[in-house]
Engineer: 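One structure coming up, written as structure tokens, with questions to follow.
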Amino acid sequence: MSGSTISEASDDRKGIQSIEIGGQLLRVLSRHAGPMLLRDVAREAGMAAAKAHPYLVSFCKIRLVEQDLRTGRYQLGALALRLGLAGLAQSPALRRAEEALGPFKQKVQHTVALAVWGQLGPTIVQMSAVDFPLETNLRVGSVMSMVSTATGRVFATYMQPNVTERLLEIELQRLALASADEELAKASFMKEIAEIRARGMARAMGNPIPGINALAAPILNANGRLDLVALVFGSEENFDARWGGSIATALADYCSSISRD
Amino acid sequence: MRDQASVQESRGIKSVETAGRLLEVLSRLRNSVELGTLSSAAGMSASLAHAYLTSFARMGLVKQDPLTKQYSLDQFAIDLGLSELRSLDPIELALNSIAQLRLELDQTVALSVWGSAGPTVIRVLRGDAPLHATLYEGATLALTTSATGRAFCAFLPQQVVQKALDIEQARRGMPQDDAFVHAVEDAQRHGIARISDQPVPGLVSFSAPVFNHASTMVCAITVTGRVGNIDADWEGSVPSALRRATRTLSDRLGLPNHAPSSVEPLPSVPS
């Protein structure tokens, strides 16, 4: 995102410099959950507010950004959502996984979901419930912890380390600070990762969401790289979380059938 | 073509608006495409489109396959969408929509979601005349005898509504009701549910579903008024305005530009 684009010698044209400058504002907005004031967006993008403003005005015109008329704050808009959904829809693995999600849900009779890697970490992109309302506040768009959720730990296990290391480092630091023995906390996490790799599946029982059990497993592509993660969760009263149980078996079958196609 | 920030302070950046045409085309893609396809769909020359795509590629918005030379969306595009999915609040947006509808129609407008016991009213904005004693915030509405209930029956998956429907019909002791089955079919055909003279005589109500990007119904918007005041015709001004409002809202929530695909067959009435 800096000016160090000279190394990309394959570009035979200069491109549109103003677009790339404006892109820095989009990046800032995409990292924030809530609407932002002009001066904050500008400051984080490293430009003057007077320079950022016309960009935001134009981004609003093309609906990439929206401005809340009451507060004057900016946030991403409808075109941002559509671009992202289109980008996701171009993933053949996600398309196959979505098609097969309904039958899989019927088989396990619990809420099922799919998560992909986003800049803030594992993000739920699809969710299908057997009953409403859900017993958790998990929803599409939710970002999951890498260390404390079954889904996040599957990403930590299978994602290329250079992609996850920055976020994982921050979370592990927080985990270590919150526990009595930092080294022990990190070591037990690493042990868990090794177990997930051996089993091909991660489990959460009543933690981090009290009363909720979950199982999560990777959907890998032909090169063994992680495409997405499938998860099943439900109330611990009737959720069979055994490794060899019916849910674990159905989840393993679902993931391998999508990986294979 | 260069940075025009200083020149166009108040009018914005012209190149951003040109970029918007290309992004609009890219946002409708489901497969990778060639430069020519993109540029003609965006109504610009191939060389201009190429300059923009070069910048998009540097930003991580698009990537180009080195072999086929085709463009597809890249990680930054996905990040923009995921960020928007995370912060998007359908209820907040729906509250804005019902406020606009109330101004436009001057009728009572309500927003309902699916709760543990069925359709639950979360906001009512009153029109000119006080009416409709059953429509208040926190009310659970009947599935069979309210427009809102019929909308949920018509557009939520059967699995979701069946249990509440069984309970309601057992309580009323009317297991078989052809009128309800037809009402649900009508709602699916018209994309909007209607009821008149029920549960309150003299009232007519229309209720329309709001869908999200996964084509799942997230809430219902209902307009209620006196029979003489609201035209009960499917194509009358109230249902037309309601359809417009819910389509705009569903579009904002990312509903694909075709008919909702997740609508399962109508709930069967146990006999």
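Sequence lines set the chain letters: A, B, ... in the order given, protein chains first and strands last, and positions in each chain run from 1.
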Engineer: Rounded to the nearest 0.5 Å, how far apart are NE2 of A:His32 and CZ of B:Arg86?
Structural biologist: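 Nearest 0.5 Å value for the NE2-CZ distance: 9.5 Å.
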Engineer: For the interface with chain A, which of B:Leu253, B:Leu53, B:Leu82, B:Leu29 has the highest count of heavy-atom pairs at distances below 4.5 Å?
Structural biologist: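 Highest number of pairs under 4.5 Å: B:Leu82.
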Engineer: With only heavy atoms counted, which part of B:Leu88 is less than 4.5 Å from chain A, the side chain, the backbone, both or neither?
Structural biologist: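 Contact with chain A: backbone and side chain both.
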Engineer: Quick check against the 3.5 Å criterion: does B:Arg28 have a side-chain atom that pairs as donor or acceptor with the backbone of A:Arg82?
Structural biologist: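 Side chain of B:Arg28 to backbone of A:Arg82: no pair is present.
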Engineer: Tell me which one of A:Val140, A:Thr123, A:Ile124 satisfies side chain to side chain contact (heavy atoms under 4.5 Å, CB included) with B:Leu85.
Structural biologist: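 Running side chain to side chain contact (heavy atoms under 4.5 Å, CB included) over A:Val140, A:Thr123, A:Ile124 with B:Leu85 returns exactly one hit, A:Val140.
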Engineer: Heavy-atom count check: over 12 atoms from other residues, nucleotides or ligands less than 6.0 Å from A:Leu69 CG?
Structural biologist: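 At most 12 heavy atoms, drawn from other residues, nucleotides or ligands, come within 6.0 Å of this atom.
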Engineer: Within a 6.0 Å radius of atom CZ on B:Arg247, are there more than 12 heavy atoms belonging to other residues, nucleotides or ligands?
Structural biologist: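 Counting neighbours around CZ of B:Arg247, 12 or fewer heavy atoms of other residues, nucleotides or ligands fall under 6.0 Å, so no.
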Engineer: Roughly how far apart are B:Phe56 CZ and A:Glu20 CD, rounded to 0.5 Å?
Structural biologist: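 These two atoms lie 10.0 Å from each other.
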Engineer: Would you find more than 12 non-hydrogen atoms of other residues, nucleotides or ligands less than 6.0 Å from B:Glu137 atom CD?
Structural biologist: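 Check passes, neighbour count above 12.
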Engineer: If you look at every heavy atom in B:Glu17 and A:Ser58, which pair is closest and at what distance?
Structural biologist: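 Scanning both residues, the minimum pair turns out to be OE2-OG, 3.1 Å.
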Engineer: If you count heavy-atom pairs within less than 4.5 Å of chain B, which of A:Ala89, A:Ser91, A:Gly84 leads?
Structural biologist: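 The residue among A:Ala89, A:Ser91, A:Gly84 with the greatest pair count is A:Gly84.
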Engineer: Please state whether the side chain, the backbone, both or neither of A:Ile19 comes within less than 4.5 Å of a heavy atom of chain B.
Structural biologist: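 For A:Ile19, backbone and side chain are both near chain B.
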Engineer: Checking heavy atoms, do the side chain of B:Glu24, its backbone, both or neither come under 4.5 Å from chain A?
Structural biologist: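 Both backbone and side chain of B:Glu24 come within 4.5 Å of chain A.
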Engineer: Looking only at heavy atoms, what is the nearest atom pair of A:Leu83 and B:Leu23, with distance?
Structural biologist: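 So the two residues come closest at CD2-O, 3.6 Å.
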Engineer: Given the options B:Asn31, B:Val62, B:Leu61, B:Val113, which has more heavy-atom pairs under 4.5 Å with chain A than any of the others?
Structural biologist: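 Ranked by heavy-atom pairs under 4.5 Å with chain A, first place is B:Asn31.
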Engineer: State plainly whether the residues B:Asp79 and A:Arg31 are in salt-bridge range, i.e. N to O under 4.0 Å.
Structural biologist: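 A:Arg31 and B:Asp79: not salt-bridged.
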Engineer: Considering only heavy atoms, which portion of B:Asn212 lies under 4.5 Å from any heavy atom of chain A: side chain, backbone, both, or neither?
Structural biologist: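 It is neither, since no heavy atom gets under 4.5 Å.
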Engineer: Any chance CZ of A:Arg225 has more than 12 other-residue heavy atoms, nucleotides or ligands included, within less than 6.0 Å?
Structural biologist: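 Open.
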Engineer: For A:Arg70 and B:Asn96, which heavy atoms make the closest approach, and how far apart are they?
Structural biologist: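 Answer, listing the atom of A:Arg70 first, then B:Asn96: NH2-OD1, 4.1 Å.
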Engineer: Minimum heavy-atom separation for B:Leu80 and A:Ser30, please, with both atom names.
Structural biologist: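 Taking B:Leu80 first and A:Ser30 second, the nearest heavy atoms are CD2-CB, 3.9 Å.
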Engineer: Looking at A:Glu98, A:Gln75, A:Glu66, which has the largest count of heavy-atom pairs under 4.5 Å with chain B?
Structural biologist: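 Most pairs with chain B among the choices: A:Glu66.
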Engineer: Under a 4.5 Å heavy-atom cutoff, which of A:Arg95, A:Gln126, A:Gln119 has the most pairs with chain B?
Structural biologist: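 Of the options given, most contacts go to A:Gln119.
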Engineer: Do B:Thr18 and A:Ile16 have side-chain heavy atoms sitting under 4.5 Å apart?
Structural biologist: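 Sidechains of A:Ile16 and B:Thr18: no contact.
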Engineer: So does A:Arg139 pair up with B:Asp89, basic N to acidic O under 4.0 Å?
Structural biologist: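 Answer for the salt bridge query: no.
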Engineer: Taking atom CZ as the centre, does A:Arg63 end up with more than 12 heavy-atom neighbours from other residues, nucleotides or ligands that are less than 6.0 angstrom away?
Structural biologist: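 Result for CZ/A:Arg63: open.
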Engineer: Look up atom CD in A:Gln17 and atom OG in B:Ser15, then write down how far apart they are to the nearest 0.5 Å.
Structural biologist: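 Answer for the CD-OG pair, A:Gln17 versus B:Ser15, is 10.0 Å.
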Engineer: Starting at OG of B:Ser83, measure out to CG of A:Leu120 and round the result to the nearest 0.5 Å.
Structural biologist: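 The distance works out to 7.0 Å.
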Engineer: By a 4.5 Å heavy-atom criterion (distance strictly below it), what part of A:Val116 contacts chain B: side chain, backbone, both, or neither?
Structural biologist: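 The answer is the side chain of A:Val116.
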Engineer: So does A:Lys107 have more than 12 non-hydrogen atoms from other groups sitting under 6.0 Å from NZ?
Structural biologist: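 Counting neighbours around NZ of A:Lys107, 12 or fewer heavy atoms of other residues, nucleotides or ligands fall under 6.0 Å, so no.
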Engineer: Mind checking the CD-CG spacing from A:Gln90 to B:Leu26? Nearest 0.5 Å is all I need.
Structural biologist: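 Answer rounded to 0.5 Å: 8.0 Å.
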Engineer: Between B:Gly20, B:Gly254, B:Ala19, B:Ala164, which residue shows the highest count of heavy-atom pairs closer than 4.5 Å to chain A?
Structural biologist: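 With the most close heavy-atom pairs to chain A, the winner is B:Gly254.
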Engineer: How many angstroms lie between atom CZ of A:Phe59 and atom CD1 of B:Ile13, to the nearest 0.5 angstrom?
Structural biologist: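 Output value for this atom pair is 8.5 Å.
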Engineer: Kindly indicate, with the supporting measurements, whether the criterion side chain to side chain contact (heavy atoms under 4.5 Å, CB included) is fulfilled by A:Gln106 and B:Gln159.
Structural biologist: CA-CA 10 Å; A:Gln106 294 305 334; B:Gln159 196 172 19; 3.2 Å; yes
Engineer: Check whether more than 12 heavy atoms from other residues, nucleotides or ligands sit under 6.0 Å from atom CD of A:Gln160, and answer yes or no.
Structural biologist: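 Result for CD/A:Gln160: enclosed.
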